[in-house]
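Chain naming here is simple, since letters A, B, ... match the order of the sequence lines and numbering starts at 1 in each. Quick note: numbers below take in every heavy atom, side chains included, and nothing from hydrogens, waters or symmetry partners.
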Amino acid sequence: MPTKYEPKQAEAKWYPFWRDNGYFKAERNKGKTPFTIVIPPPNVTGNLHIGHALNNTLQDIMVRFKRMQGYDALWLPGMDHAGIATQARVEGTLREEGITRHDLGREKFVEKVWEWKERYAGIIREQWTKMGLSLDYSRERFTLDEGLSRAVREVFVRLYEKGLIYRGKYIINWDPVTRTALSDIEVEYKDVQGALYHLRYPLKDGTGYIEVATTRPETMLGDTAVAVHPEDERYKDLVGKTVVLPIVGREIPIVADDYVDREFGSGAVKITPAHDPNDFEIGQRHNLPQILVMDEGGKMNENAAGYQGQDRFECRKNIVRDLQEQGVLFKIEEHMHSVGHSERSGAVVEPYLSTQWFVKMGPLAERAIEAQKSREGVQFVPDRFEKIYLHWIENVRDWCISRQLWWGHRIPAWYCEDCGEMTVSREDIHECPKCASQNLKQDNDVLDTWFSSALWPFSTLGWPDETEDMKHFYPTDVLVTGYDIIYFWVARMIFTALEFTDQKPFEHVLITGLVRDAEGRKMSKSLGNGVDPMEVIEQYGADAMRFMLATGCTPGNDQRFRWERVEAARNFANKIWNASRFALMNMEGFRYEDIDISQNLGIADKWILHRLNETVKDTTRLLDSFEYGEVGRVLYNFVWDELCDWYIEVAKLPLYGDDEAAKKTTRSVLAYVLDQTMRLLHPFMPFISEEIWQHLPHEGDSLIVASWPEAKPELENTEAVKQMELLMGVIRSVRNIRAEVNVPIAKKIELRIKANDEEMLSYLESGKAYIERFCNPEVLSIGTDIAAPEKAMSAVVSGAELYLPLAGLIDIEQEIARLEKELKWLNSEVERVQKKLSNKGFVEKAPAQVIEQERAKEADYLDKQAKVKARIQELKG
RNA sequence: GGACUCAUAGCUCAGCUGGUUAGAGCGCUACGUUGACAUCGUAGAGGUCGGCGGUUCGACUCCGUCUGAGUCCA
């Protein structure tokens with residue numbers, strides 16, 4: 001074995017081994033409890049980023065853990081067609097060739113996108129491989145594949161038939177750059193420094209003006225009314241009168257509506273029903289005409305008087321100038337306001353009157369709320385995200401699901417060119433059911449990508465068919481995703497699942513934070529601060545990256561990516577490697593059948609087995625409660641601080657000695673502990689653990705399907721812990737003193753240890769070999785009646801006192817100072833504990849166990865205090 | 001405006017349902033190539049857990065409030 005762990009070799013070897021032996025494939029074994037996760041399908045737009053790496057690592061940890069525990073574990077992979085994003089990318093490549101999608105036509109263009117999809121799907125699978133994900137590729141799905149498309153149609157038609165999908169002319173969020181409608185949550189609001197323009201609209205009867213204010217003056221071209229509050233005394237007499245719209249010359253009414261805020265601006269507002277959601281509603285109430293003044297690209301249209309053809313922002317400048325010249329615009333104020341931007345293109349979103357398809361959310365939301373509140377709800381981890389979800393679903397508005405794109409699920413609605421009938425159908429139709437005309441045209445729009453993602457947990461398992469997979473694996477157990485898509489995805493999966501499967505789609509939702517850059521900034525293409533997970537794996541190995549990501553955060557919180565942390569994880573892997581290497585070098589010819597940890601155990605053997613047992617308990621408990629950061633710490637400390645720093649060091653004694661029985665015991669313990677430790681590490685670090693496990697004496701073909709360790713009561717041994725702690729205390733004290741007076745370990749010293757009592761004495765006696773090994777004494781005397789030498793360094797540990805008569809090396813004054821510092825600390829501890837114990841409230845109310853602990857501490861501190869005090873006296877005397 | 005998160009060692013962060021001598025990694029100091037590992041070992045320095053108030057026998061942990069940083073929603 002090489003002295004360093006080589007990730008690349010292990011990774012190249014084990015992934016194909018696992019995959020090709022079918023270990024990733026769920027059995028659909030009715031005798032086993034299923035454990036199901038469906039992967040959040042990455043977009044086929046490009047490479048996976050470090051956020052995917054985090055998200056996927058956590059899922060792989062769960063699945064590997066459950067698989068080892070004997071569950072029928074399924075982790076179902078798949079990808080998302082990502083409508084706008086993918087179409088935009090492909091259009092981008094076309095642009096480089098100087099053509100547009102319109103040059104190609106719909107069919108050809110969609111073919112191009114499929115080619116793109118195939119290419120990126122391959123890249124993504126390669127990246128999953130590199131990360132070591134145990135995905136069941138036999139069940140891989142794509143949101144646009146045949147089965148899922150069928151599910152989408154089924155859902156669409158059923159909702160339509162239930163009256164929960166409708167088509168209508170409403171104000172929606174329009175992205176003039178990608179020329180499509182957006183849903184509410186695809187709009188990002190940003191505070192922008194703009195202006196409030198104050199206008200005076202003249203009354204038709206020539207008796208004066210009415211003042212209105214707007215942040216978008218170009219929309220005045222589409223004004224069809226001015227509204228005031230019905231109880232506003234200032235305008236009481238004006239309601240019902242007519243104003244003449246400047247520039248356009250249109251005569252428009254002054255109407256009264258409750259919506260108007262009397263406090264804002266002049267208390268009168270211009271109404272543009274085709275370009276503002278609130279104005280739209282007022283317009284409906286007052287039967288106002290809806291006049292669109294822009295086209296789909298954000299340019300002014302034929303209704304825009306002389307501004308036709310101008311871009312909306314250019315028009316704004318010109319119209320401001322013109323209105324100023326006419327004296328209509330009399331004041332411009334600076335004004336901070338929130339402006340919607342397209343989440344995809346970044347364009348300023350235009351509220352735009354348009355015919356679109358919508359999902360009526362009321363009944364669906366109601367059911368979701370009811371389910372969540374009835375304790376049958378989805379468990380959010382951490383639970384604070386439940387509130388965020390509930391707040392959204394309680395205030396949700398109808399969902400605009402049509403998109404003016406070509407890449408996606410085309411809306412299954414056909415219009416008869418002859419009789420005008422619209423037909424919604426599961427199957428493609430070629431004849432109008434009303435007039436039998438063959439002159440049909442399918443709706444041009446496609447569905448919002450999230451419409452298909454919303455069905456992901458069950459559509460991937462075969463729904464709407466009652467497949468065996470659906471019966472066995474649904475509902476799923478855990479969904480892992482970021483807080484940024486709770487509304488987009490999590491919420492929508494929940495209400496669609498309830499509607500169509502009568503069950504929640506998953507038991508738990510584990511919410512992760514974002515992986516930010518080292519400075520805490522969001523990773524983004526424009527900043528160029530993204531970290532490529534493949535780069536991390538290339539440099540440090542997949543296991544190091546996985547360990548770092550999984551243990552670097554608490555659920556729901558962001559984490560910063562720091563290379564030092566990857567390096568630390570890599571060093572940990574190397575530590576594991578070398579500990580195993582040591583064991584294996586001393587295990588020549590030792591077989592699995594030779595392992596016997598039932599007899600002849602020494603203190604350290606019992607101790608490490610006890611500690612392993614505790615680690616098994618902790619790891620299992622923490623994995624079950626999604627506390628991966630804590631698991632990481634538990635395993636790191638066990639391996640590094642206990643197994644490597646102590647057990648292996650101690651094990652060298654028998655291994656390099658010639659007591660064959662002791663040697664066999666030590667080998668057994670090492671083999672056993674390492675075997676179990678590799679199992680515990682496997683979900684986090686699958687490659688190195690498998691590599692080592694295969695070298696170790698083992699039973700079975702692969703660690704990936706080895707059984708998960710279980711705590712064994714017979715390995716508990718608190719006595720051994722006490723003994724080991726005494727010995728470690730002694731050894732640490734001696735090392736400390738050696739460092740203090742600069743006596744290297746190689747130099748022999750005299751060591752006298754005075755045990756408090758017979759019990760401590762027996763502990764020390766049975767650990768004498770350890771003390772000799774680590775303290776390198778020339779003379780070692782242990783007893784209950786050891787006399788303190790006159791000139792010596794000393795230390796107290798719980799249960800014993802030690803002296804190092806280091807002739808000639810001791811500066812008495814310095815030693816007194818050192819002990820006095822120690823005494824000072826002990827005094828304060830004694831004071832603290834005694835204060836607590838003399839507090840009546842504490843003794844009366846605290847649990848007995850806590851009081852017991854405090855009493856034990858008091859005794860220990862008092863003992864040490866007395867000894868240190870006495871020692872100082874001796875030295876002074 | 002509403003909701004939430006964060007504030008703990010020089011830096012980045014843990015600390016689960018209140019009882020620990022408040023931890024880790026990196027960095028820092030001194031020493032060290034003893035037959036797993038310098039991607040290492042040994043020892044050490046470094047924190048009044050953001051401020052104030054409250055609940056409690058007991059608060060880093062619970063509640064209120066203020067300050068600062070950030071996120072989501074309107």
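Looking at heavy-atom distances under 4.0 Å, A:Thr554 makes contact with sugar-phosphate atoms alone, never a base. Within 4.0 Å of A:Tyr189, counting heavy atoms only, lies no atom of the nucleic acid at all. Counting non-hydrogen atoms under 4.0 angstrom, A:Lys652 reaches a base of the nucleic acid. Using a 4.0 Å heavy-atom distance criterion, A:Asp558 is classed as making no nucleic acid contact. A:Ala568 comes within contact range of the sugar-phosphate backbone alone, with a heavy-atom separation under 4.0 Å but no base atom that close. Within 4.0 Å (heavy atoms only), A:Arg738 reaches no atom of the nucleic acid at all. No contact: A:Arg565 has no heavy atom under 4.0 Å from any strand. At the heavy-atom level, A:Gln559 lies nowhere under 4.0 Å from the strands shown. A:Trp825 comes within contact range of at least one nucleobase, with a heavy-atom separation under 4.0 Å. Heavy atoms of A:Asp645 sit under 4.0 angstrom from primed sugar atoms or phosphate atoms, though from no base atom. Looking at heavy-atom distances under 4.0 Å, A:Glu829 makes contact with sugar-phosphate atoms alone, never a base. Among the atoms of the strands shown, only primed sugar atoms or phosphate atoms (P, OP1, OP2) are found under 4.0 Å from some heavy atom of A:Trp640.
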Would you mind writing out the side-chain donor-acceptor pairs for residues 724-735 of chain A within the sub-3.5 Å range, not counting sequence neighbours?
residue  : atom : partner  : partner atom : Å
A:Ser733 : OG   : A:Gly729 : O            : 3.1

**OP:** Show the numbers, then the answer: is there a salt bridge (Lys or Arg N to Asp or Glu O under 4.0 Å) between A:Glu6 and A:Lys8?
**Re:** CA-CA 6 Å; A:Glu6 309 281 357; A:Lys8 278 178 194 147; over 6 Å; no
Original post:
Could you walk me through whether A:Asp558 and A:Tyr483 pass the side chain to side chain donor-acceptor pair (under 3.5 Å) check?
Top reply: CA-CA 10 Å; A:Asp558 294 350; A:Tyr483 56 68; 2.8 Å; yes
**OP:** Could you give me the CA-CA distance, side-chain angles and deciding distance for A:Glu854 and A:Lys835, then say whether salt bridge (Lys or Arg N to Asp or Glu O under 4.0 Å) is met?
**Re:** CA-CA 11 Å; A:Glu854 290 302 315; A:Lys835 199 174 149 196; over 6 Å; no
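In the displayed structure, A:Arg384 atom CZ is contacted under 6.0 Å by more than 12 heavy atoms of other residues, nucleotides or ligands.
Judged by the 6.0 Å and 45° rule, A:Lys663 forms no cation-pi pair with A:Tyr656.
When side chains are defined from C-beta on, A:Phe638 counts as touching A:Arg611, because their heavy atoms get closer than 4.5 Å.
Stacking between A:Tyr656 and B:G35 is shown: the ring centroid lies under 5.5 Å from the centre of the six-membered base ring, and the planes differ by under 30°.
Residue A:Pro847 has its side chain nearest to B:G19 when only B:C37, B:U34, B:G19 are considered. Counting only heavy atoms from C-beta on, A:Lys387 has its side chain closest to B:C4 among B:A36, B:C4, B:C73. Picking from B:U20, B:C72, B:U42 the nucleotide with the shortest atom distance to the side chain of A:Tyr487 gives B:C72. Checking B:A43, B:C37, B:C73 against the side-chain heavy atoms of A:His391 singles out B:C73 as nearest. Considering only the side chain of A:Gln853, B:G19 comes nearest among B:G19, B:U56, B:U5. Among B:A36, B:U39, B:A43, the nucleotide with an atom closest to any side-chain atom of A:Met585 is B:A36. In this structure, of B:U5, B:A43, B:C11, it is B:U5 that holds the atom nearest to the side chain of A:Asn557. Across B:U39, B:G25, B:U21, the shortest atom-to-atom separation from the side chain of A:Lys4 is found for B:U39. Side chain of A:Glu630, nearest nucleotide from B:C16, B:U39, B:A14: B:A14.
If you check distances only, the side chain of A:Arg560 never reaches the base of B:U12 with a donor-acceptor pair under 3.5 Å. One N or O donor and one acceptor, one from the side chain of A:Glu649 and one from the base of B:A36, sit under 3.5 Å apart. Under 3.5 Å, the side chain of A:Lys575 and the base of B:C37 form at least one donor-acceptor pair of N or O atoms.
Spacing between B:C16 and B:G50 at atom P, rounded to whole Å, works out to 14 Å. Atom name C1', nucleotides B:C31 and B:A69: the rounded distance is 42 Å, in whole Å. For the P atom pair drawn from B:U20 and B:C26, the interatomic distance equals 28 Å after rounding to whole Å. Taking atom P on both B:U33 and B:U42, the two are 15 Å apart, rounded to the nearest angstrom. To the nearest whole angstrom, the two C1' atoms, one in B:A14 and one in B:C57, are 29 Å apart. Nucleotides B:A43 and B:U71, compared at atom P, are 44 Å apart to the nearest Å. To the nearest whole angstrom, the two P atoms, one in B:A24 and one in B:U67, are 36 Å apart. B:G25 and B:U17 have their P atoms separated by 24 Å, given to the nearest Å.
Listed for the A:Tyr189 side chain is no donor-acceptor partner under 3.5 Å among the backbone atoms of A:His337.
Taking atom CH2 of residue A:Trp577 and atom C1' of nucleotide B:A38, one finds them 19 Å apart after rounding to whole Å. In this structure, A:Arg521 places its CZ atom 14 Å from P of B:U71, rounding to the nearest Å. Taking atom CZ of A:Arg397 as the reference point, atom P of B:C73 lies 13 Å away to the nearest angstrom. Here B:U5 presents its P atom at 16 Å from CZ of A:Arg516, a figure rounded to the nearest Å. Rounded to whole Å, the distance from NZ on A:Lys845 to P on B:C57 is 3 Å. As a whole-Å value, the separation of A:Leu549 CG from B:G25 C1' is 15 Å. Rounded to a whole Å, the CE atom of A:Met548 is 20 Å from the P atom of B:A24. Taking atom OH on A:Tyr636 and atom C1' on B:G23, their separation rounds to 13 Å, with Å as the unit.
Donor-acceptor pairing under 3.5 Å is recorded for the side chains of A:Tyr803 and A:Glu801. If you check the side chains of A:Tyr672 and A:Asp605, you find no donor sitting under 3.5 Å from an acceptor.
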Subject >> Dot-bracket encoding of pairs in RNA chain B, which uses [ ] for pseudoknotted crossings and | for another strand, Watson-Crick or G-U under 3.5 angstrom >> reply: (((((((..((((.....[...)))).(((((.......))))).....(((((..]....)))))))))))).
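Nearer the 5' end of RNA chain B, as judged by each residue's closest nucleotide, is the contact made by A:Tyr861, out of A:Asn742 and A:Tyr861. Heavy-atom distances to RNA chain B give each of A:Ile648 and A:Asn571 a nearest nucleotide, and the one nearer the 5′ end belongs to A:Ile648.
In summary, A:Arg570 and A:Glu564 do not engage in a salt bridge, as defined by a charged side-chain N under 4.0 Å from a carboxylate O.
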